Amino acid sequence: MSSKADKQAALLAYVLRLGDNALIIAQRMIERVTNEAELEEELANANFALDYIGQARLFYSYAGKLENKGRSEDDFAFQRDSREYCNFLLLEQPNGHFGDAIVRQVLFESFYVLQLEALTRSSDERLAEIAVRAEKEVRYHLRHAAQWFVRLGDGTEFSHARVAVSLQNYWRFATEFFAADAVDETMRDSFDGPDLKVLEKQWQLDVSELVADASLSLPDTVARVDGGRAGLHSEHFGYLIAEMQHLHRSHPGVTW
Amino acid sequence: MYTQGLDQQSSEDKKKSARDSGSSEDAAALAAFQKRVEAEEKIEAKDWMPDAYRRTLVRQISQHAHSEIIGMQPEGNWLTRAPSLKRKAILLAKVQDEAGHGLYLYSAAETLGVSREQMVADLLSGKAKYSSIFNYPTLTWADIGAIGWLVDGAAIMNQVPLCRCSYGPYARAMVRVCKEESFHQRQGFEIMLELSRGSEQQKAMAQDALDRWWWPSLMMFGPSDTDSRHSAQSMAWKIKRFSNDELRQKFVDVTVPQAQFLGLRVPDDKLRWNDATEHYEFGEIDWQEFHDVLAGNGPCNRERMAKRRRAHDEGAWVREAAEAYALKQAERQAA
């Protein structure tokens with residue numbers, strides 16, 4: 001059993017990971033604004049990205065409290081370097097076409113909704129509160145993305161082939177969701193957090209069902225991807241945060 | 001956001017208007033229609049209306065919708081770089097609102113018998129116009145403040161009277177749009193306020209944005225009354241309630257004190273308060289620039305259209321997939 005300080009450090013790391021996931025997927029989603037195929041999708045994409053920014057702000061504000069060093073949500077978002085960001089690598093991958101965006105959403109949100117659902121039962125009250133709100137939002141996103149996933153998979157020959165490639169390309173990134181480390185174990189053991197083994201089984205079932213509904217086949221896992229939670233990113237990430245942070249960092253200490 | 005649609009007709013429209021003036025539209029019906037308009041009754045989608053009234057509204061509402069859609073681009077340009085999470089969220093909410101405005105304005109226009117597909121096709125082909133203001137680039141973060149403050153401010157001037165427009169579906173859409181626009185205007189002013197009370201660099205950024213956006217904002221009200229060809233008819237139909245110059249004057253009168261409050265200088269040497277008229281006098285708009293931008297030769301016209309066309313083209317396979325899937329589902333249910 002780890003010390004109280006260790007537990008608190010794990011909780012802080014975990015909350016930051018949640019914030020990083022939310023912010024980085026939001027950043028990729030807002031890159032898509034004004035590029036959607038339909039006006040209704042502009043609304044949906046912007047709306048969902050807005051939910052994620054809201055979640056990032058809640059997680060970062062809570063992280064600031066847990067850390068107790070006076071860091072604000074913006075300090076976490078704009079003043080950390082790439083190695084300090086601990087999001088899943090899937091979320092930082094550059095945007096491709098609409099099918100790529102949908103597959104990313106389906107794979108991640110099928111996991112995230114389970115993670116949040118488990119966190120609503122966490123013994124950490126604040127985290128559980130945030131999870132209750134976020135879970136509702138993400139469940140709705142996932143329903144929307146899943147509908148598109150099925151439409152694309154079971155649409156035209158072209159869309160079927162295209163989304164099959166997206167699934168093949170992104171599949172390996174999902175392995176990272178379930179690679180439990182010490183932080184995940186502390187969350188499970190000390191804060192009634194998710195058991196990733198249980199989540200993985202459920203995720204496999206949920207995603208398999210969706211893939212079947214979309215008339216697609218599950219890809220073979222060719223390689224495992226890991227590193228995001230240790231701050232080991234893809235090369236794309238440096239550009240993402242450079243763009244996101246440059247204005248904030250160019251004017252130290254001011255308010256906006 | 002806002003459209004200058006009132007004063008721009010396509011050559012096709014002009015021909016149709018010419019035909020209408022000699023057409024046999026029932027004089028009694030026209031008189032009854034005009035009487036309803038003058039009694040401030042709302043005209044609804046299924047009511048009889050003159051063809052020219054219908055065409056004017058379709059043109060104006062669809063141009064307004066297109067302006068909302070194209071207007072997402074200059075602001076969307078700063079979403080990834082917004083300097084705080086709060087500002088990022090507010091800007092994203094605003095851009096999302098604009099997509100929403102586009103959606104219900106297209107719906108309002110559809111009540112007049114034109115499909116959204118047709119309106120979108122007209123925008124993409126260049127046949128339909130959108131507000132000239134969105135052909136200017138957003139170069140710094142302060143431009144996001146200036147757009148909210150000035151461009152949405154000008155939009156509100158124009159749109160509040162449209163809430164009383166004689167055509168019911170448009171008037172009702174505008175009530176909702178106006179509520180959100182006033183929130184947009186406030187957030188823009190708030191950005192300008194933060195900048196103008198901030199560092200020297202931030203102040204300079206705010207002044208630079210005002211310098212660049214002031215005159216294009218005045219152009220949003222359209223040509224001067226002496227050159228505005230269709231205003232009289234629109235006024236008689238109670239689509240339009242105030243002339244372009246009246247609205248422009250009102251905007252200047254409201255906005256100049258706000259600039260003073262911010263400690264910013266309005267870039268017009270001729271600007272002065274007139275005690276006798278109780279209005280600000282201001283310099284002449286560069287009408288050549290106005291006409292150039294409308295004719296497609298503004299700084300960003302080509303980029304804005306190219307981006308919209310690209311998004312539309314790249315989305316074709318998605319729309320086709322959705323259609324194919326819907327068809328399959330219908331067949332499965334029938335079987």
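Small disclaimer: the values here were computed from a predicted structure and weren't measured. All values below were derived from every heavy atom in this structure, side-chain atoms included, with hydrogens, water molecules and symmetry-related copies excluded. Each chain gets a letter, A, B and so on, in the order its sequence line appears, and its residues count up from 1.
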Nearest heavy-atom neighbours spanning [X] and [Y]:
X        : Y        : result
A:His97  : B:Trp317 : ND1-CZ2, 3.6 Å
A:Leu50  : B:Ala89  : CD1-O, 3.2 Å
A:His251 : B:Gln201 : ND1-OE1, 3.6 Å

For a 4.5 angstrom cut-off between non-hydrogen side-chain atoms, does B:Val318 reach A:Arg151?
no

Should A:Leu39 and B:Arg116 count as side-chain neighbours, where that means a heavy-atom distance under 4.5 Å?
yes

With a 3.5 Å cut-off and no angle check, do the side chains of B:Thr80 and A:Glu243 form a donor-acceptor pair?
yes

B:Lys86 vs A:Arg57, side-chain contact (heavy atoms from CB on, under 4.5 Å): CA-CA, chis, key distance, verdict:
CA-CA 8 Å; B:Lys86 179 183 155 197; A:Arg57 295 180 68 187; 3.5 Å; yes

For chain A, which of [options] has the most heavy-atom pairs under 4.5 Å?
options                                : answer
B:Met72, B:Gln202, B:Gln329, B:Glu190  : B:Gln202
B:Glu323, B:Arg197, B:Lys307, B:Arg310 : B:Lys307
B:Leu193, B:Ile70, B:Leu92             : B:Leu92
B:Ala324, B:Ala311, B:Ala321           : B:Ala321

Whether [X] side chain and [Y] backbone form a donor-acceptor pair below 3.5 Å:
X        : Y        : value
A:Asn47  : B:Gln96  : no
B:Lys328 : A:Gly155 : yes
B:Arg87  : A:Trp256 : yes

With a 4.5 angstrom heavy-atom cut-off, could you sort out which part of [X] is near chain B: side chain, backbone, both or neither?
X        : value
A:Val163 : neither
A:Leu23  : side chain
A:Ala49  : both
A:Glu36  : backbone
A:Arg249 : neither

Around B:Tyr104, counting heavy atoms of other residues, nucleotides and ligands shown, do more than 12 lie under 6.0 Å from its OH?
yes

Atom pair [atom1]/[atom2] of [X] and [Y] - distance to nearest 0.5 Å:
X        : Y        : atom1 : atom2 : value
A:Glu157 : B:Glu320 : CD    : CD    : 12.5 Å
A:Ile53  : B:Leu91  : CD1   : CG    : 9.0 Å
B:Leu85  : A:Met244 : CG    : CE    : 7.5 Å

Run B:Lys88 and A:Gln27 through side-chain contact (heavy atoms from CB on, under 4.5 Å) and show every step you take.
CA-CA 10 Å; B:Lys88 197 191 264 296; A:Gln27 186 73 2; 2.7 Å; yes

The test is side-chain hydrogen bond (donor to acceptor under 3.5 Å, both in side chains); show your working for B:Gln73 and A:Thr34 and say whether it passes.
CA-CA 6 Å; B:Gln73 288 187 29; A:Thr34 75; 5.5 Å; no

Side chain, backbone, both or neither: which part of [X] has a non-hydrogen atom closer than 4.5 Å to chain A?
X        : result
B:Val95  : side chain
B:Arg308 : side chain
B:Ala82  : backbone
B:Met205 : side chain

Does A:Glu40 pair with B:Arg319 as a salt bridge, N-O distance under 4.0 Å?
no

Salt bridge or not for A:Asp154 and B:Arg332, using N-O below 4.0 Å?
yes

Given the options A:Leu152, A:Ile102, A:Asn45, which has more heavy-atom pairs under 4.5 Å with chain B than any of the others?
A:Leu152

